[in-house]
Amino acid sequence: MMDMTNVVELKSKTAYEDILLFLDGLEAEATATRYGKAIERFVEKQFKVSLQFVQARHFNSLTYTDMYKYRNYLRKQGFAASTINNEMTALFNLFKELNKIQRENGVHPYQLNVDQLRTKSLKIVETNSSGDLTWEEVDEWIDYIKHSEMANKESKWIFLHIARLTGLRKESLAQLTYRDLRRSGSVWQIVSTLKGKTTTISINDEDAELLFSLWKDKDNKDEKILKMSTKTMERLLNDIKRIFEIPEERNITIHSLRGLSIYEAYLASGKDILVAQKHVNHSSIETTYNYIKNREGAINQPTL
């Protein structure tokens, strides 16, 4: 980040312009984009105005309680602890830079006590408490469903395959529509947005055709692809656990499919954890590592 210690902006008259000045001073474009989204989310939630209409008085009215409540709001929205910490850091960095701005008449429009507003960072804990699966194990489930008399069996086995392939969360999978399946050059891509975070995953033509095979109304791009609720996904997995007599202590959940996808991406890349992190769009590499370390530890025991 460039040094903005002596920021003196003569032309800026609104808080929106001041925010743009701050974002423009960030060296990394990705950081500027992430900070911009965090600031916009905060302004719209806290002040009930769009970013273009926020004023200095809005920021000057902030209290520690406001920031504490906003942090808790993000938690209730389901954001990961690492993401919340990043969002709060973006806000506090903005506040520090706003305090440095001086108008041409010598007035400092912002009077923010950043130290008093700052909330404690959330502790990042291991998020993967679900048991491990293998690709071959899911193959057995898929084969069973294909030859079963289950209702909507095509959607069910395709769901299992796409879940382990993409690593998308069950909420994302349930929301996918044909508008989210797009052609990009020589590949198809699934573009999923959940809780304000967009994940883009490339798939091959064969897997894209599987999804298109479920399309009933070809004129309706808003048709859900899998046509399964998260509760239906859970019931399917419970049936599978019963049929295959999977012990409860293995703690197999829908999230186990995401863990499998992360580990397969890790192995396919030659054990490059950055590839696995990008695959599932984790904000923190520590989160990705939590999905991998137990598997790696198990297969690298000296007794083996």
* To do: Determine the minimum heavy-atom distance between Gly131 and Ser256, stating which atoms define it.
  => O-OG, 2.7 Å

* Near Lys227 NZ, under 6.0 Å, is it more than 12 heavy atoms from other residues, nucleotides or ligands? -> yes

* To do: Please report the C-alpha distance between Leu237 and Trp141 in whole Å, then the side-chain angles of each, then the deciding distance to 0.1 Å, and finally whether the side-chain contact (heavy atoms from CB on, under 4.5 Å) criterion is met.
  => CA-CA 10 Å; Leu237 185 62; Trp141 299 355; 3.8 Å; yes

* Asked: Has Lys278 got more than 12 heavy atoms of other residues, nucleotides or ligands less than 6.0 Å from its NZ?
  -> no

* Asked: Does the side chain of Val191 reach to within under 4.5 Å of the side chain of Thr198, using non-hydrogen atoms?
  -> yes

* Can you tell me if Lys221 uses its side chain to pair, donor with acceptor, with the backbone of Tyr178 under 3.5 Å? -> no

* To do: Compare every heavy atom of Ala163 with every heavy atom of Leu173, then report the nearest pair and how far apart it is.
  => CD1-CB, 3.7 Å

* Asked: Taking atom CD1 of Ile19 and atom CG of Leu51, what is their separation to the nearest 0.5 Å?
  -> 4.5 Å

* Any side-chain heavy-atom pair from Arg182 and Asp180 closer than 4.5 angstrom? -> yes

* Distance-only donor-acceptor check, side chains Lys197 and Ser283, under 3.5 Å -> yes

* Asked: So, Tyr110 and Asp18: side-chain donor and acceptor under 3.5 Å apart, yes or no?
  -> yes

* Test item: Arg169 and Val280 side chains (from C-beta on) under 4.5 Å apart, heavy atoms -> no

* Structure fact -> Test side-chain contact (heavy atoms from CB on, under 4.5 Å), reference Lys96, set Leu112, Asp115, Val114, output is Val114

* Verdict with reasoning, Trp157 to Leu210, per side-chain contact (heavy atoms from CB on, under 4.5 Å) -> CA-CA 10 Å; Trp157 76 257; Leu210 282 178; 3.5 Å; yes

* Asked: Taking atom CD1 of Ile225 and atom CD1 of Ile158, what is their separation to the nearest 0.5 Å?
  -> 10.5 Å

* **Sidechain-backbone polar pair: Lys156 side chain, Ala151 backbone, donor-acceptor under 3.5 Å** => yes

* Return yes when atom NZ of Lys48 has more than 12 non-hydrogen atoms of other residues, nucleotides or ligands closer than 6.0 Å, and no otherwise. => yes

* Determine whether Leu117 and Leu91 make a side-chain contact, defined as any pair of heavy atoms from C-beta on separated by less than 4.5 Å. => no

* Asked: With a 6.0 Å cut-off on ring centres, are Tyr291 and Tyr266 close enough?
  -> no

* To do: Return yes when atom OH of Tyr144 has more than 12 non-hydrogen atoms of other residues, nucleotides or ligands closer than 6.0 Å, and no otherwise.
  => no

* Measuring from Leu165:CG to Asp207:CG, what's the distance to the nearest 0.5 Å? -> 5.0 Å

* Cluster check Leu21, Phe53: I/L/V/M/F/W/Y, side chain < 4.5 angstrom -> no

* Taking all non-hydrogen atoms of both residues into account, name the closest pair between Ser186 and Arg183 and its distance. => O-NH2, 3.3 Å

* Pick from Asn86, Asn93, Leu94: which one makes a side-chain contact (heavy atoms from CB on, under 4.5 Å) with Tyr35? -> Asn93

* Asked: Do Leu211 and Leu194 share a hydrophobic cluster (ILVMFWY, side-chain heavy atoms under 4.5 Å, transitive)?
  -> no

* Using the six-membered ring wherever Trp is involved, compare the ring planes of Phe47 and Phe59 and label them parallel, tilted or perpendicular (cut-offs 30° and 60°). => perpendicular

* Flag side-chain contact, heavy atom, 4.5 Å: Gln116 against Tyr64 -> no

* Shortest non-hydrogen contact from Arg118 toward Phe92 -> CA-CZ, 3.4 Å

* Keeping the roles fixed (side chain from Arg164, backbone from Ser261), state whether a donor-acceptor pair exists under 3.5 Å. => no

* Asked: Between Arg235 and Thr232, does any side-chain donor sit less than 3.5 Å from a side-chain acceptor?
  -> yes

* Kindly work out whether a path of hydrophobic side-chain contacts (I/L/V/M/F/W/Y, heavy atoms less than 4.5 Å apart) joins Val49 to Met67. => yes

* What is the minimum heavy-atom distance between Ser202 and Val187, and which atoms define it? -> OG-CG2, 3.9 Å

* **Sidechain-backbone polar pair: Glu223 side chain, Asp217 backbone, donor-acceptor under 3.5 Å** => yes

* Structure fact -> Of all heavy-atom pairs linking Arg295 and Leu260, the shortest is NH2-CA, 3.8 Å

* **Value rounded to 0.5 Å, distance of CZ in Arg103 from NE2 in His108** => 11.0 Å

* Asked: Do Phe212 and Ile162 share a hydrophobic cluster, counting only Ile, Leu, Val, Met, Phe, Trp and Tyr and linking them when any side-chain heavy atoms are less than 4.5 Å apart?
  -> yes

* To do: Check the pair Asp239, Arg242 against salt bridge (charged side-chain N to carboxylate O under 4.0 Å, His left out), reporting the backbone distance first and the verdict last.
  => CA-CA 5 Å; Asp239 287 341; Arg242 175 181 53 79; 3.7 Å; yes

* Asked: Mind checking whether Gln55 and Asn60 have side chains closer than 4.5 Å, heavy atoms only?
  -> no

* Atom CZ in Phe159, atom CG in Leu176: separation rounded to 0.5 Å? -> 11.0 Å

* Glu234 and Lys231: CA distance, side-chain angles, deciding distance, salt bridge (charged side-chain N to carboxylate O under 4.0 Å, His left out) verdict -> CA-CA 5 Å; Glu234 296 286 358; Lys231 289 184 178 180; over 6 Å; no

* Which pairs count as side-chain hydrogen bond (donor to acceptor under 3.5 Å, both in side chains) when at least one residue sits in residues 66-79, sequence neighbours excluded? -> Thr63-Asp66

* Asked: Do the non-hydrogen side-chain atoms of Ile240 and Ile252 ever get within less than 4.5 Å of each other?
  -> no

* Asked: Taking a hydrophobic cluster as the set of Ile, Leu, Val, Met, Phe, Trp and Tyr residues connected by side-chain heavy atoms closer than 4.5 Å, whether directly or through intermediates, do Trp215 and Met228 fall within one such cluster?
  -> yes

* **Between Tyr289 and His282: side-chain donor-acceptor atoms closer than 3.5 Å** => no

* Looking at side-chain heavy atoms only, is the closest gap between Thr230 and Ile254 below 4.5 Å? -> no

* Asked: Counting N and O atoms only, with roles assigned by atom type, does the side chain of His147 sit under 3.5 Å from a partner on the main chain of Asp143, one being a donor and the other an acceptor?
  -> yes

* Asked: How about Lys218: does its NZ atom have over 12 heavy atoms from other parts shown lying under 6.0 Å from it?
  -> yes

* Structure fact -> In this structure, CD of Gln277 is separated from CD1 of Ile292 (nearest 0.5 Å) by 9.5 Å

